[in-house]
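Notes for the one structure printed next.
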Amino acid sequence: MDARQSGTLEAGLRAIARQAGASEDELRAGDAVDVLWSYAAQFERPWLLVVDNADDPALLNGPGRLSEGTGWIRAPAAGRGAVLVTSRDSTPQTWGGGCLLHPVRPLTGDGVTDAAQVLRDHAGERAGSFADARQLARRLGGLPLALRLAGTYLADANAVPAPYREPDMPVDFCSYQAALDRGLEHVDRANVIEQTWTMSLKLLEQQGMSLARPLLRLIATFADAPLPYTLLLTPKTLADAGELAQLDGPGVWTLLTALAGLGLVDFEPATGSSALPVLRVHPLVRDASLDHTALGTAIQAVHSSALASETGRPEDPDYWEHWTLLQPHALDLFHRIASSESTDQTIANAAATMANLAARHLRIKGLYGQAHTELEAVLVRRRAILGDTHPHTLSTRHELGLVLRDLGEVEQARTELEAVLAHRRAIWGDTHSDTLTARHNLAMVLRELGEVEQARTEFVAVLAHRRAILGDTHPDTLTARHELGMVLRQLGEVEQPRIEFMAVLTHRRAILGDTHPHTLTARHNLAMVLRELGEVEQARTELGAVLAHRRAILGDTHPHTLTARHNLAMVLREPGEVEQARTELEAVLAHRRAIWGDTHSDTLTVRQNLAMVLRELGEVEQARTELGAVLTHRRAILGDTHPDTLTARHNLAMVLRDLGEVEQARTELDSVLAHRRAILGDTHPHTLTARHNLAMVLRDLGEVEQARTEMEAVLAHRRAILGDTHPHTLTARHNLAALQQPRAVD
């Protein structure tokens, strides 16, 4: 039975009653509905009644109510019969308790193979490979109607002789998908697919939901990604949405549930206690409903949500889920408005703001390359709209500088941050929060460039201002204190960094909790200081805990997770678990190469430390090859006197000594020691390490007295700085004793 018209439906059901045995007199005398189902219950043969296209279930009420079991369609009383109704309306209240709802889903996920087969069954083998059919099936969202139309279209197109085809007529799966991407009208000129959704919207309009159509158009304007409707489709975010602005909360929810009830959108429930519910739109519904005039409204909705207190900051872990869901919509809408001919500056500014925030979230998640690309695009727009010195332009340029640092492009980062700092000083003065933030981040870059003393001066100044303005426990003050600890550690002051990190860790635990990324960073760096102080087991425990938390929060391949794994491997190496250290470092190296490439600073650091592990395992030639490559890259990128270059040169010298090339080892160590003395001073741990190893080379060359003099000096400094029982002190003491023997051991 076709249930689209009440007249044909009633006439058809009366005819079925007659087929079941009812007479005309009975149908005229009594309630035709009761007569129909009375005879259906007595019918002796198995039967199936199919009621098709019941998109307006109200037509099935007849003189009673469908949901109460008194309408034209009822549950069969006996076991011989069954009723199957096809409808767009999947609302349980419509059908009542006597019906069992069976959602008919598109052929997606595991069903995409079947969807591809449907395409090939209709289109024939000339339309392309099975792989191409799968690709098109995904683009069509597995919708059976669309699969049949596409397959039939291609079969007909291939039946047309080539001279009679239109030049742009698709004849295979790939060209059909390309045409579809240009617009649904290119492959559905009869508007069959669009009319499918239009009928549903007309039904809602007949039910008094006149705003269902504009709401669906707005939903279709967002990105093809899960839509967090409780963030983006609220009275607050729709306040500037034209006719939709009249909706209150219940009104929005009524429309959303109505759209879902007709299959125009699909709700996906929240999966965890803090997860947000989302909805999805079938790709063909999006194609049919997309209205570019709603672009500005969609941008305003995302912008409003991005700035709402309920959404939080992109860097706050409590709101990462919000930003993971908002980010694709913010960036997609930004690029679409940027490539359009719109001259609405308010909308353009809103789009740039939300894209800037989304890029910040990408950076926090470790997606530095993508963040860099997005920030460059935002900067171009902000410069064009606002000029070079507008605070928003400077904010984007500042974020770009931070990402450049993350990517290892430290000199370029310095250039950007120096420019931002100069502008902010001129606009805001020296003590404005934004000025201090730029000064702080520039100091971090200076530290990585080896200009450690200048970095120390900057951090001391920033910390003093922040303490005076914000107090001792403000997050920004703690960040400055933490970074000052990093500089002090790089300058060889081990005890003071320990004090700083412990204080920062205590405050961060109290304010942010044990698992906040900032807390874990302080714990991680405290562990590195503990390692340098010789408290290796405690360092191992701390790093193990940090790694476990970072894996759980950030995932296995986030740069911060890889850093913790790398440093834990270095701690494992010290108590002699060299094979395990090798396994960890090889895994970290593989990830860093995949993420950063071969020449990023972090990749080179892992490669260098893996080489030293290979040396300890006796694979000295391979260690030499690795260190030679690292040194070449470091010299090219950082120059001859950068601390990282000197470390690579020092380690290569140690391998040369192992290989018996002692004179060359001496030359390298002499040069490294001279540079370290000039840059770091006589008592810096790195200077003492170079002096210690030069003494061992002098012993190999037979210059025993000079070797003894050097080793005695190293031992005296290490005792004074590290104490008698530190592993480095004990190593120097051991090797000084060994200088009395025929062959020294280190």
Check: [Y] and [X] side chains under 4.5 Å, non-hydrogen atoms:
X	Y	value
Q370	Q327	yes
L279	P226	no
L333	R336	yes
I219	L256	yes
L119	L154	no
L264	L201	yes
H440	F459	yes

Using the test ring-ring contact (aromatic ring centres under 6.0 Å, His included), find all partners of H549 that sit at least two apart in sequence or belong to another chain.
none
Could you list the residues that satisfy ring-ring contact (aromatic ring centres under 6.0 Å, His included) with H560, not counting sequence neighbours?
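With neighbours one apart ignored, the set is H558.
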Expected output: side-chain [X] to main-chain [Y] donor-acceptor under 3.5 Å:
X	Y	value
D332	P328	no
T603	G597	yes
T221	A298	no
T234	T230	no
H329	F222	no
T435	D430	no
T393	T389	no
S305	A301	no
R424	H432	no
S304	Q300	no

Can you name the residues that form a side chain to side chain contact (heavy atoms under 4.5 Å, CB included) with R363, not counting sequence neighbours?
Y368, A371, L402, V403, D406
For N53, give me all partners under side chain to side chain contact (heavy atoms under 4.5 Å, CB included), at least two apart in sequence or on another chain.
D2, R4
Could you tell me if [Y] and [X] have a donor-acceptor pair between their side chains, going purely by distance under 3.5 Å?
X	Y	result
T437	D434	no
R360	T396	no
D89	S87	no
E374	H335	yes

Name all residues meeting the side chain to side chain donor-acceptor pair (under 3.5 Å) criterion together with D556; count only those two or more places apart in sequence or in a different chain, and write none if there are none.
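Result, side chain to side chain donor-acceptor pair (under 3.5 Å) vs D556: R551.
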Nearest-0.5 Å distance, [atom1] of residue [X] to [atom2] of residue [Y]:
X	Y	atom1	atom2	value
I364	D316	CD1	CG	10.0 Å
L331	L326	CG	CG	10.5 Å
D132	Y176	CG	OH	15.0 Å
L238	L232	CG	CG	9.0 Å
W320	E315	CH2	CD	10.0 Å
L218	L227	CG	CG	8.5 Å

Go through N356 and R382 one step at a time and tell me if the side chain to side chain contact (heavy atoms under 4.5 Å, CB included) criterion holds.
CA-CA 10 Å; N356 192 84; R382 282 191 155 168; 3.8 Å; yes
Work out which heavy atom in [X] is nearest to a heavy atom in [Y]; give both atom names and the distance.
X	Y	answer
G142	A115	CA-CB, 4.4 Å
T297	A241	CG2-CB, 3.4 Å
I337	R381	O-NH2, 4.4 Å
V462	A480	CG1-CB, 4.2 Å
E458	A443	CB-CB, 3.7 Å
G312	W323	O-NE1, 3.1 Å

Under the side chain to side chain contact (heavy atoms under 4.5 Å, CB included) criterion, do T237 and L231 qualify, and how do the steps go?
CA-CA 8 Å; T237 59; L231 292 181; over 6 Å; no
Mind running side chain to side chain contact (heavy atoms under 4.5 Å, CB included) on E416 and H398 for me, showing each step along the way?
CA-CA 7 Å; E416 293 298 307; H398 178 269; over 6 Å; no
Please assess D181 against R139 for the test salt bridge (Lys or Arg N to Asp or Glu O under 4.0 Å), listing each intermediate value before the final yes or no.
CA-CA 9 Å; D181 289 340; R139 175 64 179 85; 2.8 Å; yes
For residues 224-262, the ring pair (Phe, Tyr, Trp, His ring centres under 6.0 Å) pairs (sequence neighbours left out) are Y229-F267, W253-F267
Take Q246 and L211, measure what side chain to side chain contact (heavy atoms under 4.5 Å, CB included) needs, and give me the verdict at the end.
CA-CA 10 Å; Q246 63 187 278; L211 295 179; 3.9 Å; yes
